[in-house]
> 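Supplied in structure tokens, the structure appears directly below.
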Amino acid sequence: MKSTILYTSDSFLVEGGKPLRGEVRISGAKNASLPILMASILSEEVCLLNNVPDLLDTKTALELLESLGAKVEFQKGVVKIDPKGIKSFVAPDDVVRRMRASVLAMGPLLARFGRAVVSMPGGCSIGVRSIDQHLKVFERAGAHMEVKHGYINLELKEIKPVEYTFEVITVTGTENAFLLLSKCEKRSILRNIALEPEVIDLVEVLRKMGVQIEIEGRTAIIRGNPYLKGFSHRVIPDRIEAGTFMVAGFLTGGDVILKDVRVEHLGSVIEKLKEAEANIEILDLNSLRVVGKGDIMPLSISTSEYPGFPTDMQAQFMVLCCLAKGISEIRENIFENRFQHVAELQRMGADIHVKDRLAIVKGVERLYGAEVYSTDLRASASLVLAGLVAEGSTLVRDIYHLDRGYERLEEKLKSIGATIERLPQRKP
Ligand code: EPZ
């Protein structure tokens with residue numbers, strides 16, 4: 001698969017004021033697809049993955065697998081990987097730069113080759129995002145680590161069983177540990193693990209490949225297998241995309257039905273929307289309806305690890321709070337710099353005051369369309385949401401960030417009545 005990835009800094013032109021009405025199908029989860037694609041490195045057999053969203057990040061992950069030597073096909077949401085030909089254990093800088101989640105190649109490469117050379121992921125705009133916990137698990141498993149010329153060089157003779165308690169709850173740290181220990185036959189114990197649905201989806205795949213994993217509370221017991229089978233799996237729906245559309249339906253005073261969701265993964269988002277007095281109807285385990293009527297009530301939000309309120313929904317809910325009847329408080333406990341959407345929302349007339357990790361949001365009558373800049377994936381989603389409800393038109397620039405994590409966003413929004421156009425990058 002050629003690198004057909006175009007780095008556009010396209011823009012979205014959004015007209016505000018139209019209630020969203022209709023039905024939208026939610027795509028597969030980006031953050032489940034990425035670790036599961038990396039799990040194919042552990043096998044020599046063909047791996048099939050269904051419901052994979054067509055995103056910059058998933059295409060980058062497939063490009064990484066190809067650069068390692070795998071054969072890859074990706075058509076209509078179905079990925080077929082033949083990992084037999086994987087020979088390299090080097091994740092190149094230009095790939096890792098584009099996608100931090102490339103760090104998820106470390107665990108499987110180390111398990112397969114006893115070697116992994118991965119470019120140090122830079123920080124990113126939402127925070128330092130160190131990977132010290134990933135590296136501590138690798139060292140516990142016997143890996144020797146050296147950082148040279150911006151690359152992490154890991155080497156281990158034989159994977160030792162690990163008993164480790166994570167010092168922070170880390171999603172990809174937990175996933176990297178599972179991926180490495182999948183090939184260690186002796187029993188490992190990991191404590192204080194992350195329990196996000198995307199982590200559990202990876203666990204389901206590893207079990208299909210022949211890994212024994214038991215999870216009780218935040219403790220996992222893993223017994224690996226030196227020979228791991230291929231797998232066939234369907235990725236869970238993207239709970240963050242679902243939450244984003246639920247906010248859009250409520251925010252615009254619309255009536256939106258979401259299909260192909262996993263209601264059980266949306267507990268804290270549904271609770272918060274009900275607190276804001278959205279009308280939520282659970283239609284069945286995989287579909288729900290959001291009706292926005294009347295006022296938005298102010299909220300007190302504090303992000304935390306699953307099953308708590310997701311940090312990836314913080315920016316989207318901030319837009320709701322901008323138009324609530326009262327004062328809201330939003331505390332961001334996971335990342336140290338995840339309020340970059342605030343300055344852009346203020347340009348649209350929002351009344352927000354940030355002190356450290358706390359944002360105080362005073363509801364205003366309306367937001368006004370403006371030219372705004374995306375800074376990170378979820379912040380850019382919040383700017384589109386603000387544009388949908390602002391007076392006049394909003395130009396959201398640099399939507400490369402959005403293309404990383406939302407599949408065909410403008411198409412889906414148009415299908416439920418939004419006025420949104422993608423403006424290609426202005427030729428220099
Ligand atoms: C995952 O990032 C997600 N990405 C993020 O989604 C999500 O925001 C985040 O989890 C939290 O839910 C993927 O799954 C690909 P963490 P991850 O390790 O794993 C600190 C999106 O929008 N930490 O759980 O990188 C870290 O600095 C993206 O789709 C350490 O200190 O997040 C952060 O403050 C954005 N040392 C906190 O833990 C470590 O070794 C949580 O980070 C690892 C993490």
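Both counts, for ligands and for their atoms, begin at 1 and track the order of listing. No hydrogens, no waters, no symmetry mates; every other heavy atom, side chains included, goes into these values.
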> Which one holds for Glu336 and ligand 1: side chain close, backbone close, both close, or neither close, with close meaning a heavy atom under 4.0 Å?
neither
> Would you mind running through ligand 1 and noting each atom that sits below 4.0 Å from a heavy atom of Lys30?
21 (C), 29 (O)
> Taking NZ, NE, NH1 and NH2 as the nitrogens, is one of them in Lys414 or Glu421 under 4.0 Å from a carboxylate oxygen of the other?
yes
> For Thr303, which residues count as a side-chain hydrogen bond (donor to acceptor under 3.5 Å, both in side chains) partner, sequence neighbours excluded?
Glu332
> Compare Thr303, Asn333, Asn337, Ile334 and give the one whose heavy atom is closest to atom 33 (C) of ligand 1.
Ile334
> Quick one: which ligand 1 atoms are inside 4.0 Å of a heavy atom on Thr311?
8 (O), 11 (C), 12 (O)
> Do any N or O atoms from the side chain of Ser88 and from the backbone of Val90 form a donor-acceptor pair under 3.5 angstrom?
yes
> Checking side-chain contact (heavy atoms from CB on, under 4.5 Å) between Leu180 and each of Leu109, Leu110, Leu42, which is the one that passes?
Leu110
> Using heavy-atom distances, let me know which of Val103, Leu135, Val171 sits nearest atom 16 (P) of ligand 1.
Val171
> Ignoring hydrogens, just give me the one of Asp312, Val199, Asp132 whose non-hydrogen atom is nearest atom 5 (C) of ligand 1.
Asp312
> Are the charged groups of Arg408 and Asp403 less than 4.0 angstrom apart, N to O?
no
> For ligand 1, which part of Arg338 has a heavy atom less than 4.0 Å away: the side chain, the backbone, both, or neither?
side chain
> Can you list, pair by pair, the side-chain donor-acceptor contacts under 3.5 Å of residues 241-248, counting residues two or more places apart and other chains?
from	atom 1	to	atom 2	distance (Å)
Glu241	OE1	Ser27	N	2.8
Glu241	OE2	Lys412	NZ	2.6
Thr244	OG1	Ile240	O	2.7
Thr244	OG1	Gln316	NE2	3.1
Thr244	OG1	Tyr406	OH	2.9

> Check each atom of ligand 1 against the heavy atoms of Gln133 and keep those under 4.0 Å away; list them by number with element.
36 (N), 39 (C), 40 (O)
> Under a 4.0 Å heavy-atom limit, does Thr172 contact ligand 1 with its side chain, its backbone, both, or neither?
both
> Using side chain to side chain donor-acceptor pair (under 3.5 Å), reason through Asp93 and Ser119 one step at a time and then give a plain yes or no.
CA-CA 5 Å; Asp93 184 53; Ser119 159; 2.7 Å; yes
> Of the backbone atoms (N, CA, C, O) and the side-chain heavy atoms from C-beta on, which set of Glu305 has a member under 4.0 Å from an atom of ligand 1: side chain, backbone, both, or neither?
neither
